[in-house]
Undergrad: 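Let me give you the structure first, and then I'll get to my questions.
Numbering of ligands and ligand atoms starts at 1, following listing order.
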Amino acid sequence: MRVLVTGGAGYIGSHTVLLLLEEGHDVVVVDNFSNSSPESLRRVAALCSRAPRLYRVDLLESEKINQIVRDLAPDAVIHFAGLKAVGESVAKPLSYYRNNVTGTLNLLDAMESAGCRNLVFSSSATVYGESTELPLVETTQRSATNPYGRTKLHIEEMLEELAAADERWSIAALRYFNPVGAHESGRIGEDPQGIPNNLMPYVAQVAVGRREQVNVFGGDYPTVDGTGVRDYIHVLDLAAGHLAALDYLTDRTGSFVWNLGTGEGSSVLEVIQAFARAAGKDVPYQIVDRRPGDVAENYADPVKARLELGWKAERGLEQMVQDMWRWQENNPYGFPEEASDSYDNDELNEQLLKAASTVQSSSKPNNEGNQK
Ligand code: NAD
Ligand code: UD1
């Protein structure tokens, strides 16, 4: 199948592109590198000895997107591209609506005019807002507490209305819980810009010595040890969920929604302790005030995805932190920095082909972290 992946150079996108290539799919990536770099895809190509086709383009450039979708005629699109920082979305709501909502509209228009109507969309457990009915089931009422969450909610609604209006569309919205971990090679992983907003990358940066200690947001929640509980899911399990959704859509039309979570919650302290064991060192922390907008606990009901997609998360917290640590230890400052416009599309694609033809001398990860 030919799959167009928007945001394919990013954290979840790069792991999914790798899995798609390993499964023999023909992959086209569209990314503007606003929160990633082509290096992730060079490493993907080297890992599986296959190259995706890459276009550096912004979803807001509607003409270019139209042309790419028309020329390449993908069988399906997986749509990861979006801005995702909750705090930033509060400070810059218009950028979030423009990038996420208008970007998605442009993509849908391009798909419509090219006659490609199979879409898998990255939604988020954020659409459950502050719901405290646990576990969170797909039918739980949706709400949003910030502009980022509202973009996901609006897009979900748009997609449902589109599928209701035109029965040729097949659309899956996947509600991710808390994606963490990295590919087991330690070659690709999450590379947050600036101070990480999310717990696991912050813990990883403390363990590697880039930050002093973890600030634990609240120690008085009504949970197992007073700290917040979340459903962490390994990024490779998440990637597999996308392939299962693509498969499901091949002979069905309509709009569908699935939680992608493990169904198990872990507290902040459990995460810190597991990480410390994986890294073989102490991870210092202090309990500070609660973060506004946080709920005490949330975790998925993953049953719908298991029954309908035949998918379930296979990896537990120990593996998540081990893989995350391998990536962080080998790339303490993430991917090497490079200007996003260093190369044109032809050069980028040549690099990917070259990376794909490089024989990996050893499966042992290289230490290539640079200083940022
Ligand atoms: P990421 O930032 O690593 O990846 C997103 C990619 O999209 C980046 O490579 C970025 O450069 C690209 N992009 C952004 N706007 C673009 C545009 N206008 N045109 C072209 N490319 C653009 O993020 P991620 O963690 O891989 O998340 C992928 C998707 O999953 C996002 O939509 C995010 O909202 C959603 N999601 C992520 C999480 C999480 O915790 N990581 C949780 C729930 C949902
Ligand atoms: C956050 C976002 C959510 C988004 C998700 C994935 C908020 C309020 N929610 O969810 O919209 O979909 O990320 O990107 O920002 N914690 C600490 N110290 C830290 C960081 C986090 O104690 O430095 C705690 C939090 O209070 C929470 C847990 O760790 O209990 C997980 O936090 P985080 O990784 O930010 O994810 P969510 O809050 O679930």
Undergrad: Out of all atoms in ligand 2, which are within 4.0 Å of some heavy atom of Asp294? Include the element for each.
TA: 8 (C), 25 (C), 26 (O), 38 (O)
Undergrad: Of the protein's non-hydrogen atoms, which lies at the shortest distance from atom 9 (N) of ligand 2, and what is that distance?
TA: Val86 CG2, 4.0 Å
Undergrad: Counting each atom of ligand 2 from 1 as listed, which ones have a heavy atom of Asn215 under 4.0 Å away?
TA: 17 (C), 18 (N), 19 (C), 22 (O), 23 (O)
Undergrad: Please list the nearest protein heavy atom to atom 39 (O) of ligand 2 with its residue and the distance rounded to 0.1 Å.
TA: Arg230 NE, 2.7 Å
Undergrad: Any idea which atoms of ligand 2 are less than 4.0 Å away from a heavy-atom of Val216?
TA: 22 (O)
Undergrad: Regarding Trp258 and Glu138, do their side chains bring together a donor and an acceptor under 3.5 Å, going by distance alone?
TA: no
Undergrad: Would you say the ring centers of His15 and Phe80 fall short of 6.0 Å from each other?
TA: no
Undergrad: Under 4.0 Å between a Lys/Arg side-chain N and an Asp/Glu carboxylate O for Glu160 and Arg142?
TA: yes
Undergrad: Asn100 and Arg150: side-chain donor and acceptor closer than 3.5 Å?
TA: no
Undergrad: Would Lys84 count as a contact of ligand 2 if the rule is a heavy atom under 4.0 Å away?
TA: no
Undergrad: Would you say the ring centers of Phe177 and Tyr232 fall short of 6.0 Å from each other?
TA: no
Undergrad: With heavy-atom distances below 4.0 Å as the criterion, list the atoms of ligand 2 near Arg291.
TA: 7 (C), 15 (O), 25 (C), 32 (O), 33 (P), 35 (O), 37 (P), 38 (O)
Undergrad: Which protein residues have a heavy atom under 4.0 Å from ligand 1?
TA: Gly7, Ala9, Gly10, Tyr11, Ile12, Asp31, Asn32, Phe33, Ser34, Asn35, Ser36, Val57, Asp58, Leu59, Phe80, Ala81, Gly82, Lys84, Asn99, Ser122, Ser123, Ser124, Tyr148, Lys152, Tyr176, Pro179
Undergrad: Just to confirm my output: which protein heavy-atom neighbour is closest to atom 24 (C) of ligand 2, and how far is it?
TA: Val268 CG2, 3.7 Å
Undergrad: Using a 4.0 Å heavy-atom threshold (strictly under), name the region of Leu199 that reaches ligand 2: side chain, backbone, both or neither.
TA: both
Undergrad: Under 4.0 Å from a heavy atom of Thr126: give me the atoms of ligand 2 that qualify, with their elements.
TA: 11 (O), 12 (O)
Undergrad: Taking the cut-offs as 6.0 angstrom to the six-membered ring centre and 45 degrees off its axis, would you call Arg290 and Tyr221 a cation-pi pair?
TA: yes
Undergrad: Report yes or no: does a heavy atom of Ser124 sit under 4.0 Å from some atom of ligand 2?
TA: yes
Undergrad: Taking 4.0 angstrom as the limit and counting only heavy atoms of Asn197, give me the atoms of ligand 2 inside it, by number and element.
TA: 20 (C), 35 (O)
Undergrad: For Arg43, is there an ion pair with Glu39 - N to carboxylate O distance below 4.0 angstrom?
TA: yes
Undergrad: Quick test of your reading of the model: are Arg50 and Glu22 salt-bridged, counting only N-O distances below 4.0 Å?
TA: no
Undergrad: With a 4.0 Å heavy-atom cut-off (strictly under), which part of Asn198 contacts ligand 2: side chain, backbone, both or neither?
TA: both
Undergrad: Could you give the side-chain donor-acceptor pairs of residues 278-288 under 3.5 Å, partners two or more places apart or in another chain?
TA:
{"from": "Lys281", "atom 1": "NZ", "to": "Ala207", "atom 2": "O", "distance (Å)": "3.1"}
{"from": "Gln286", "atom 1": "NE2", "to": "Asn215", "atom 2": "OD1", "distance (Å)": "2.7"}

Undergrad: Looking only at side-chain N and O atoms, does Asn32 offer a donor or acceptor that is under 3.5 Å from a partner on Tyr55?
TA: no
Undergrad: When the side chains of residues 64-79 are checked against the rest of the protein, which donor-acceptor pairs come out under 3.5 Å, sequence neighbours left out?
TA:
{"from": "Lys64", "atom 1": "NZ", "to": "Glu61", "atom 2": "OE2", "distance (Å)": "3.1"}
{"from": "Asn66", "atom 1": "ND2", "to": "Ser62", "atom 2": "O", "distance (Å)": "3.4"}
{"from": "Asp75", "atom 1": "OD2", "to": "Arg2", "atom 2": "N", "distance (Å)": "2.6"}
{"from": "His79", "atom 1": "ND1", "to": "Thr6", "atom 2": "OG1", "distance (Å)": "2.7"}
{"from": "His79", "atom 1": "NE2", "to": "Thr104", "atom 2": "OG1", "distance (Å)": "2.9"}

Undergrad: Before accepting this row, confirm whether a basic side-chain N of the pair Arg175/Glu156 lies closer than 4.0 Å to the acidic partner's carboxylate O.
TA: yes
Undergrad: Report the residues that fulfil side chain to side chain contact (heavy atoms under 4.5 Å, CB included) with Arg117, sequence neighbours left out, ordered by chain and then residue number.
TA: Glu112, Asp166, Arg168, Trp169
Undergrad: Would you mind listing which atoms of ligand 2 come within a distance below 4.0 Å of any non-hydrogen atom of Gly228?
TA: 30 (O)
Undergrad: Between the side chains of Glu264 and Lys312, is the shortest nitrogen-to-carboxylate-oxygen separation below 4.0 Å, so that they form an ion pair?
TA: no
Undergrad: Should the proximity of Tyr232 to ligand 2, defined as any heavy atom under 4.0 Å, be assigned to the side chain, the backbone, both, or neither?
TA: side chain
Undergrad: Any N/O of Tyr202 closer than 3.5 Å to an N/O of ligand 2?
TA: no
Undergrad: Please say whether Phe217 places an N or O atom under 3.5 Å from an N or O atom belonging to ligand 2.
TA: yes
Undergrad: In a check of side-chain hydrogen bond (donor to acceptor under 3.5 Å, both in side chains) between Asp323 and each of Gln328, His234, His183, which one passes?
TA: His234
Undergrad: Could you tell me, atom by atom, which parts of ligand 2 come under 4.0 Å of a heavy atom of Asn178?
TA: 36 (O), 37 (P), 39 (O)
